[in-house]
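In what follows, chains carry the letters A, B, and so on, assigned in the order in which the sequence lines appear, proteins first and then strands, with residues in each chain numbered from 1. Note that the coordinates shown come from a computational prediction; the quantities given were computed from them, not determined experimentally.
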Amino acid sequence: MTTAKPQLSLYNTLTRTKAPFVPMDENNVRLYACGPTVYDFAHIGNGRAAIVFDLLFRLLRHTYGAEHVTYVRNITDVDDKINARALRDHPDLPLNEAIRKVTETTAAQYQKDVAALGCLEPTIQPRATENIAEMQTMIQRLLDKGNAYQAGGEVLFAVDSMPDYGQLSGRNLEDNLAGARVAVDTHKRNPADFVLWKLSSEDEPGWDSPWGRGRPGWHIECSAMSERYLGQTFDIHGGGLDLIFPHHENEIAQSRCAHGSHAMANVWMHNGFLQVEGQKMSKSLGNFFTIHDLLETNAFGGRKWPGEVLRLAMLMTHYREPIDFSQRRLEEALRINEKLRRWALAADELGFEPDYDRLSTNSDFEAALMDDLNTPDAIQSLHQQMSDLSDRELQSRPEHNRRLAEFRQSLRLLGIKVEADTVSPLVREQLAARLAALNAKNFAEADRIRNELAEQGIALMDYKDETGQRQTKWEVKR
RNA sequence: GGCCGCGUGGCGGAGUGGUUACGCAGCGGAUUGCAAAUCCGUGUACUCCGGUUCAAUUCCGGACGCGGCCUCCA
């Protein structure tokens, strides 16, 4: 009996519908996600985006083979916020040096943070500053084709030159004007026109160009880098909901006009926002948390949170829905994670190969993920699997091992990290001493040791083995 | 003002035109020297008002509430 492999379906912001995903080239499935602007620690909202597209990356690798997927996530290291931060933090250094210091340390911190959240490294992580020439080439092409013009010391994209501008966000130019919040720049032909290149003053970073020493606008880098690494048209482009307009809309405008193409990416995916304890996360409300805060400090809920718990807390909700990030939610994720860990460690003791392709996951689990990354449903399957695994009758059959391996693979596909803990030799001695006390029915001594270990965060679980001998399992509390 | 999305039991959270989601917490039980872990059992639900339908939480319309974008933003 063979069951058809579930077909991956994805919700496409461009069409506002869910549809089967058909890659342009099965041997090179291409994904681009907007990465961080490296001027400060990434916050947990950034973390959610990283996790969502990492999961998609994992799922694509699982489906098409790890070597057949290219995932590009850019690092934006040109930005006026970076300049401001450099001036503030390193007033004594020359600007370029100060900027490099800011971008390098921030980028390194970002890599560390998202790795802790269980994110794989993307295939390519290009930096804007390493792709200035590509941006200039694209800008020149847009000028040559009449989609851009120079005015007021800037090169601007002319939205009127693109008849179907606004497709992604579902808004037309009149809608935008109705809001009347678009800054009125007299040098713009249309108030919605946006900057491709702007001149830099002496004390701003800049690159020489045919239009003078300056720096690129915000949107052009993604157009240039995605073309360089993924081609003029590629499969999937992702980012946060807030990027739909103007960022992604403008990327599409630049790329399609420069290439004369019908599409920049076939599928556009956007993850939902998160709130913190029911409120919008903002520095002024004092509920702004970085990934680093959650991982390494007691700022949120008075304790540190393991990366895999944060990841699970995110995946408990479908990626397009809003999340209310709360302490209660993290506590629930922590509990679920402990349970997942126990079964995963049981599987690891049997020594299964950690190889995505060699072992299949549970089919219900996989079907859930293939349905537009329905992670809550996938987690439901994990609960079902654990429930099945604990069935005595199943445990007596060889199939139990296979099911255990499937479960382990499911967790891997989700990117939930599980690593065995270790304890010191001293703790091992205490465990042995306690077991001896138990066998001597010296419960007072046994409880004393148990309490002592509990204070170190080590929880004990007594049981009897097949021969009726007392045994103790331990667990490091997280 | 324009555009987009959401409203499910104490909490988290899928899904469906008619049948138990699931989990966390709670409660009861098994087990345990006591615990912990585990297992078994268990209550509470689909914002409101219309419409379509034999039947709506599920489709349509409206109201109310919440969030996002239109300006830097995951």
Side-chain angles (χ1 to χ4, degrees), chain A residues 13 16 33-37 39-40 42-53 76 79-81 84 166 168-183 191-192 218 238-249 270-275 278-282 291 312-326 328-336 338-339 342-343 368 371 374-384 386-387 389-392 438 441-444 446-447 450-451 454 458-464 470 472-475 477:
Chain A
T13 306
R16 311 269 168 195
C34 290
T37 300
Y39 68 99
D40 202 351
H43 57 69
I44 53 179
N46 296 299
R48 183 181 192 188
I51 289 168
V52 166
F53 294 104
T76 300
D79 186 278
D80 287 350
K81 287 193 291 289
L168 181 71
S169 54
R171 62 184 80 206
N172 54 47
L173 293 167
E174 288 72 37
D175 291 340
N176 285 343
L177 294 181
R181 296 172 74 183
V182 180
W218 174 33
L241 208 57
D242 56 320
L243 295 180
I244 295 174
F245 191 89
H247 185 53
H248 288 165
E249 196 71 79
H270 295 93
N271 64 274
F273 255 46
L274 62 77
Q275 293 183 277
Q279 290 190 295
K280 179 167 177 156
M281 180 166 67
S282 77
I291 302 169
L312 190 60
M314 299 282 190
L315 298 180
M316 273 159 53
T317 299
H318 183 85
Y319 77 91
R320 283 192 280 119
E321 297 297 317
I323 288 183
D324 183 13
F325 212 70
S326 63
R328 188 167 182 170
R329 178 189 195 87
L330 290 186
E331 281 162 0
E332 183 177 340
L334 187 75
R335 288 222 162 224
I336 296 170
E338 303 239 306
K339 193 168 169 182
R342 289 187 194 110
W343 281 110
D371 181 17
N374 191 337
T375 50
D377 200 24
I379 291 170
Q380 191 277 122
S381 162
L382 293 178
H383 286 297
Q384 181 63 51
M386 289 190 291
S387 170
L389 285 169
S390 65
D391 183 79
R392 288 286 168 78
L438 277 182
K441 300 231 186 289
N442 185 353
F443 297 122
D447 291 352
R450 185 167 66 189
N451 289 336
I458 297 167
L460 303 187
M461 289 157 278
D462 296 332
Y463 67 102
K464 284 177 182 155
R470 282 179 182 278
T472 297
K473 285 184 189 172
W474 55 268
E475 208 169 72
K477 283 290 160 200

Answer with base, sugar-phosphate or nothing: what part of the nucleic acid does A:D79 contact at a heavy-atom distance below 4.0 Å?
nothing
Say you pick atom C1' in B:rC66 and the same atom in B:rU47; how far apart are they, in whole Å?
11 Å
Which part of the nucleic acid, if any, lies within reach of A:I336 when heavy atoms closer than 4.0 Å are counted: base, sugar-phosphate only, or nothing?
sugar-phosphate
Between the main-chain N or O of A:M314 and the side-chain N or O of A:T317, is there a donor-acceptor pair closer than 3.5 Å?
no
Expressed in whole Å, how much space separates the P atoms belonging to B:rU8 and B:rC48?
11 Å
When the distance from CG of A:L330 to P of B:rA25 is rounded to whole Å, what number comes out?
15 Å
How is A:E321 classified with respect to the nucleic acid when contacts are heavy atoms under 4.0 Å: base, sugar-phosphate, or nothing?
sugar-phosphate
Indicate, with a heavy-atom threshold strictly under 4.0 Å, whether A:I379 touches base, sugar-phosphate, or nothing.
nothing
When you measure from the side chain of A:H43 to the backbone N and O of A:N46, does any donor-acceptor pair fall under 3.5 Å?
yes
Nearest-Å distance, CZ (A:R320) to C1' (B:rG67)?
16 Å
Out of B:rG12, B:rA37, B:rG33, which nucleotide sits closest to the side chain of A:D462?
B:rG33
Taking atom C1' in both B:rU57 and B:rC49, compute the distance separating them and give it to the nearest angstrom.
15 Å
Below 4.0 angstrom, N of the basic side chain to O of the carboxylate: do A:K473 and A:E475 qualify?
no
Rounded to whole angstrom, note down the C1' distance from B:rA25 over to B:rG43.
13 Å
Does A:Q275 reach a base, just sugar-phosphate, or nothing at all? Heavy atoms under 4.0 Å.
sugar-phosphate
Just to be sure I understand the rule, does A:K473 reach a base, reach only the sugar-phosphate, or reach nothing, if contact means heavy atoms closer than 4.0 Å?
nothing
At under 4.0 Å between heavy atoms, what does A:R328 touch on the DNA or RNA strands: base, sugar-phosphate, or nothing?
base
Using a 4.0 Å heavy-atom cut-off, does A:H43 contact any base of the nucleic acid, only the sugar-phosphate backbone, or nothing at all?
base
Base, sugar-phosphate or nothing for A:G240? Non-hydrogen atoms, less than 4.0 Å.
sugar-phosphate
Using a 4.0 Å heavy-atom cut-off, does A:L274 contact any base of the nucleic acid, only the sugar-phosphate backbone, or nothing at all?
base
Rounding to the closest angstrom, what is the interatomic distance between B:rA36 and B:rC46 at atom P?
35 Å
Sugar-phosphate only, base, or nothing, as touched by A:K441 at under 4.0 Å among non-hydrogen atoms:
nothing
Give a yes or no answer on whether the side chain of A:N374 reaches the backbone of A:D377 with a donor-acceptor pair at less than 3.5 Å.
yes
Determine whether any donor atom in the side chain of A:R450 lies under 3.5 Å from an acceptor atom in the base of B:rC34, or the reverse, and answer yes or no.
yes
Rounded to whole Å, please give me the gap between CG in A:L241 and P in B:rG68.
10 Å
To the nearest angstrom, the NZ-P distance between A:K339 and B:rU38 comes to 6 Å
A:N46 has its side chain closest, among B:rG13, B:rA74, B:rA25, to B:rA74
Counting distance only, does the side-chain N/O of A:D462 pair as donor-acceptor with the main-chain N or O of A:T472 below 3.5 Å?
no
To the nearest Å, how far apart are A:H270 NE2 and B:rC69 P?
13 Å
Does any N or O in the side chain of A:N451 come within less than 3.5 Å of the main-chain N or O of A:D447, such that one atom is a donor and the other an acceptor?
yes
Looking at A:R392, I'd like to know if its CZ atom is crowded, meaning that more than 12 non-hydrogen atoms belonging to other residues, nucleotides or ligands lie closer than 6.0 Å.
no
Nearest to the A:H383 side chain among B:rC22, B:rA74, B:rC69, which nucleotide is it?
B:rC22
Could you check how far CD1 of A:I458 sits from C1' of B:rA37, rounded to whole Å?
16 Å
Examine the base of B:rG33 for any acceptor or donor lying under 3.5 Å from a partner atom in the side chain of A:D447, and report the outcome as yes or no.
yes
Could you give the distance separating B:rC22 and B:rU42 at their P atoms, to the nearest angstrom?
11 Å
Pairing string, 5' to 3', for RNA chain B - Watson-Crick or wobble contacts under 3.5 Å, brackets [ ] where pairs cross, | to another strand:
(((((((..(((.....[...))).(((((.......)))))....(((((..]....))))))))))))....
Pairwise P distance, B:rC6 and B:rG13 [rounded to whole Å]:
14 Å
Base, sugar-phosphate, or nothing: which does A:S326 touch, judged by heavy atoms less than 4.0 Å apart?
nothing
What about A:E332, does its side chain sit under 3.5 Å from the base of B:rG23 through a donor-acceptor pair?
yes
With no hydrogens and no angle check, is any side-chain donor or acceptor of A:E249 less than 3.5 Å from a backbone partner on A:S169?
yes
Rounding to an integer number of angstrom, what distance separates B:rG1 and B:rC59 when you compare their C1' atoms?
30 Å
Checking the side chain of A:R48 only, and the main-chain atoms of A:N271 only, is there a donor and an acceptor separated by less than 3.5 Å?
no
By the 4.0 Å heavy-atom rule, please label A:R392 as base, sugar-phosphate, or nothing.
nothing
Do A:D242 and B:rC70 have a side chain to base donor-acceptor pair shorter than 3.5 Å?
no
